[in-house]
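Here is the structure we will look at.
The sequence lines fix the lettering, A, B, ..., with proteins before strands; numbering per chain opens at 1. Values below: all heavy atoms of this structure, side chains included; hydrogens, waters and symmetry mates excluded.
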Amino acid sequence: MATANREGLNGIEEGDGVIIVDHGSRRKESNLMLNEFVAMFRERNKYPIVEPAHMERDCSRNKKTVGIRKREVGGRGGREAGIAGAIVSGLLRYGRVGDAIAYFERNPFRSLFSWTAVISGLVQNGLSFKAMKVFLEMVQHGVMPNAVTYTSVIRACGELGDFNLGMCVLGLIVKVGFERNLSVSNSLITFNLRLNDTVSARTIFDRMQSKDVVSWTAILDMYVQMGELAEARRVFDEMPERNEISWSTMISRYSQSGDAEEAVNLFIRMVQQGFKPNKSCFASVVSALASLEASVMGRIVHGHILKIGMERDAFIGSSLVDMYCKCRSIKEGRVVFDSILEKNVVCWNSMVSGYSLNNQHEEAKELFGMIPQKDNISWNSLITGYLEYEKFDEVFEVFDDMLLSGERPSKSTFSSVLCACASLASLQRGKNSHGKAIKLGFHDDIFVDTALLDMYAKSGDVESAKKIFQRMPKRNEISWTAIIQGLAENGFAEEALAVFDEFERTMSIARNELLILAVLFACSHCGLVDKGLHYFNSMEKVYNIQPNDRHYTCVVDMLSRSGRLSEAEKFISDMPCEPEIQAWAALLSGCKTYRNERMAERVAEKISELAEKHPEGYLLLSNVYASAGRWLDVLHMRKQMKEKGLKRSGGCSWIEVRNQPHFFYSQDGSHNEFMEIYGVLELVRSEMLLT
DNA sequence: ATAGGGTTAG
């Protein structure tokens, strides 16, 4: 709560439906499990050290140590236990986890095989915690795990992200001498990567006497995790051996890092070299095609998927639905969606966000209501759809429903909701959301913090924005852009430029277009025209950024504001790209300020030409004529707008009182208490005149 | 029976 107050938040509202998820009970259970493992180490006699060379025989000898089991199993135990293992693993392969466990628990033939099958099946079905409990039970029954068991167990520890548990298992592995086993080492590499320990991963890899395609593929991921995709590619290119999975990994990594084009290129090369893409690979490449909105190639790949009969698979189906919806073919997406046999939550989410991001909110909401097991992303899909189409009230409505349903918002949820607050410049809602974010433990997240500081800046609370920026332990280029833009927009342009100087001195991250735009904006607003021009001219050389139409508009604005009108006019006519209508508008407003009637006429003419294509031009002109008192021209413009079917969507101010926004349009009388409000205003005005 | 790869929101 102290943090909240320091950042300008006046306490958090009670009873707002926030539910804090409790992870305590599982942690307790995990600690109990740790104690059991520690006990295992201490009881040397019960779990004897076995020489690696005798490992195979030890597995079978083990059955002798389990006295009771042996009697139950009887003479044909080995074979029957083998069948039991096969049944269990068969059930697990079809995701029938409950049936498999029930069978396993009822069946007396619990061999090393069936124990291992259950453990690996649980891990593959995302039930790693349960897998660890079964593993513990297995060891307590006196059944000695073998290398295959340990690979699954290590994977489970990695999936749980539990370092201590992993170390205990590693201890057992070393104790029984499996640490040199190829498969075990491979799984240890991934375990370390999951826990962000790239150094240990590398050490294990380097120490391995023999490496296979699995080891190489795992180490490829180490470079991806270190943010060195190019280095990963080098490993991939130089690997002694490649299979479908190595190809698949590289393709998915490109797709996930936003380089969809390279993902597709690699896919084509893979097919050319005679590799058969499998389910995962198709899913990755379709996802890459979705982000490229490449419907032609998308359809071709879809054809191949149909050929091998995988369209009805949940993984491939989800990415196909996404691909069609991103290409605006929602109906085709729906056909694929309906054809998926066993829909998981991802399939539903794909279709919901397909509708949602194509402005079909009713359909999205209806489908959302039908999801059997909603997750975080289901909610977020609905929220981002509303945000994208500026339906802010709905954003808050869904957010409230989400909290009431008990679903924990994620950092994505908060960045969407805060973005809605920022768009409404609603400090009240923003602070409320800030409170919820703190309550749910998101106060040190770079995305949430950036959204918060942007919200405060856009709502005019610069002090709070600055405080958040200063306390952020890590900042990315988006955070820097937000603070610079925020300061400049609120009239602290010099300070914005000082922050940019600090950024230039201390940060080595790449500058992006938006950051430079914010800097130009700041220069424009504190009259530092030459400095602004300097930044603009060095964009390509120093920052390697091609200026876009918004940068050009900013420069026109900068020149016009400072009265360098002829320079501005020349700049606009020399532009290599089509000027935005806002550029002309900026020049026109400069002409007005510096009373250059002749240039104003020329510019106005240009704008009315452009208004054919950009109807908002009429609005601009009508405003300019209105302020010059040229009412005949205003009427003419209004008539044009009416003919073009353009609704008057011009200037409007609003203020929030007790969570209720009150709007004031530039035509008077739109507010229903307008008489009273203007009465009070008149009173205030006369008081001011008296003093 | 196993370790490496998969889909959705930002």
Side-chain angles (χ1 to χ4, degrees), chain A residues 82 85-86 88-90 92-93 111-121 123-124 145-155 158 181-191 193 211-222 224 239 242-253 255-256 277-288 290 313-323 325-326 340 343-354 356-357 371 375-385 387-388 410-416 419 447-448 451 478:
Chain A
V88 167
S89 71
L92 285 166
R93 199 169 307 132
S111 65
L112 172 65
F113 258 49
S114 52
W115 282 104
T116 306
V118 167
I119 291 169
S120 74
V123 179
Q124 278 165 17
N146 67 3
V148 180
T149 323
Y150 280 116
T151 51
S152 291
V153 170
I154 283 290
R155 183 175 153 193
N181 178 286
L182 179 62
S183 302
V184 173
S185 303
N186 286 340
S187 58
L188 281 169
I189 293 177
T190 309
F191 170 77
L193 289 181
K211 298 164 178 124
D212 64 356
V213 63
V214 180
S215 333
W216 282 99
T217 311
I219 212 70
L220 186 155
D221 254 349
M222 182 192 76
V224 176
M239 271 162 74
R242 277 191 287 270
N243 61 13
E244 297 76 35
I245 297 185
S246 341
W247 280 94
S248 207
T249 308
M250 204 61 228
I251 291 169
S252 73
R253 293 303 176 252
S255 175
Q256 288 157 350
N278 59 15
K279 224 164 72 171
S280 315
C281 200
F282 273 123
S284 295
V285 80
V286 171
S287 151
D313 172 79
F315 269 95
I316 293 191
S318 308
S319 54
L320 280 174
V321 168
D322 181 48
M323 190 272 291
C325 292
K326 290 242 167 77
I340 301 172
K343 299 179 184 64
N344 61 21
V345 67
V346 182
C347 306
W348 289 92
N349 293 348
S350 285
M351 199 62 230
V352 168
S353 72
S356 185
L357 294 172
I371 303 179
D375 68 359
N376 223 294
I377 297 179
S378 320
W379 293 93
N380 290 349
S381 303
L382 212 54
I383 290 176
T384 46
L387 182 67
E388 184 73 24
S410 65
K411 54 186 181 179
S412 297
T413 321
F414 274 109
S415 63
S416 297
C419 184
F447 291 100
V448 176
I478 305 170

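- Checked by atom type and distance alone, the side chain of A/Thr413 pairs as donor or acceptor with a backbone atom of A/Ser410 at under 3.5 Å.
- Contacts of A/Ser183 with the nucleic acid, taken as non-hydrogen atoms under 4.0 Å apart, include base atoms.
- A/Thr116 contributes a side-chain N or O that, together with a main-chain N or O of A/Leu112, makes up a donor-acceptor pair within less than 3.5 Å.
- Among the heavy atoms of the strands lying under 4.0 Å from A/Thr249 are primed sugar atoms or P, OP1, OP2 only; no base atom is included.
- Donor-acceptor pairing under 3.5 Å is lacking for the side chains of A/Asn349 and A/Asn380.
- Checking B/dA3, B/dG4, B/dA9 against the side-chain heavy atoms of A/Asn186 singles out B/dA3 as nearest.
- Atom-to-atom, CG of A/Asp221 to P of B/dA3 comes out at 15 Å; the value is rounded to the nearest Å.
- Under a 3.5 Å cut-off, the side chain of A/Ser284 and the backbone N or O of A/Ser280 do form a donor-acceptor pair.
- For A/Trp379, the ring pair (Phe, Tyr, Trp, His ring centres under 6.0 Å) partners two or more places apart in sequence, or in a different chain, are A/Phe368.
- Atom CG of A/Leu193 and atom C1' of B/dA3 are 13 Å apart (whole Å).
- Applying the 4.0 Å criterion to OP1 and OP2 of B/dA3, one finds that A/Gln124 has a side-chain N or O inside that range.
- Set against B/dT8, B/dA9, B/dA1, the side chain of A/Phe113 has B/dA1 as its closest nucleotide.
- A sub-4.0 Å separation between OP1 or OP2 of B/dT2 and a side-chain N or O of A/Ser120 is present.
- The side chain of A/Lys279 lies closest to B/dG6, out of B/dA9, B/dA3, B/dG6.
- Distances shorter than 4.0 Å separate some side-chain N or O of A/Ser252 from OP1 or OP2 on B/dG6.
- Following rounding to the nearest Å, A/Glu244 (CD) and B/dG6 (C1') show an atom-to-atom distance of 14 Å.
- In this structure, A/Asn349 places its CG atom 13 Å from C1' of B/dG10, rounding to the nearest Å.
- Comparing B/dT8, B/dT7, B/dT2 by their closest approach to the side chain of A/Ser152 singles out B/dT2.
- Atom CZ of A/Arg253 sits about 9.5 Å away from atom OG of A/Ser248, to the nearest 0.5 Å.
- Of the candidates B/dT8, B/dG6, B/dA1, the closest approach to any side-chain atom of A/Val148 belongs to B/dA1.
- Under the 3.5 Å distance criterion, the side-chain polar atoms of A/Asp221 are left unmatched by any main-chain donor or acceptor of A/Val224.
- In this structure, A/Lys326 reaches the sugar-phosphate backbone alone: every heavy-atom distance under 4.0 Å involves primed, P, OP1 or OP2 atoms, never a base.
- Regarding A/Leu320, its CG atom lies at a distance of 13 Å from the C1' atom of B/dT8, rounded to whole Å.
- Contact between the side-chain N/O atoms of A/Ser287 and the OP1/OP2 oxygens of B/dT8 is found at a separation under 4.0 Å.
- Base contact: A/Val213 has a heavy atom under 4.0 Å from a base atom.
- The side chain of A/Ser318 sits closest to B/dT7 out of B/dA3, B/dT7, B/dG10.
- When distances are taken from the side chain of A/Ser412 to each of B/dT2, B/dA9, B/dT7, the shortest belongs to B/dA9.
- The side chain of A/Thr384 contributes an N or O atom lying less than 4.0 Å from OP1 or OP2 of B/dG10.
- Within 4.0 Å (heavy atoms only), A/Ala147 reaches no atom of the nucleic acid at all.
- With rounding to whole Å, A/Leu112 atom CG is found 13 Å from B/dT2 atom P.
- Residue contacts shown for A/Asn376 are absent, as no nucleic acid heavy atom lies under 4.0 Å away.
- Distance from the side chain of A/Ser280 is smallest for B/dG6 among the nucleotides B/dG6, B/dG4, B/dA9.
- Distance A/Trp379 CH2 to B/dA9 P: 18 Å, rounded to the nearest Å.
- The base of B/dG4 sits within donor-acceptor range of the side chain of A/Asn243, with an N or O pair under 3.5 Å.
- Between the CD1 atom of A/Ile316 and the C1' atom of B/dG6 there is a distance of 9 Å, given to the nearest Å.
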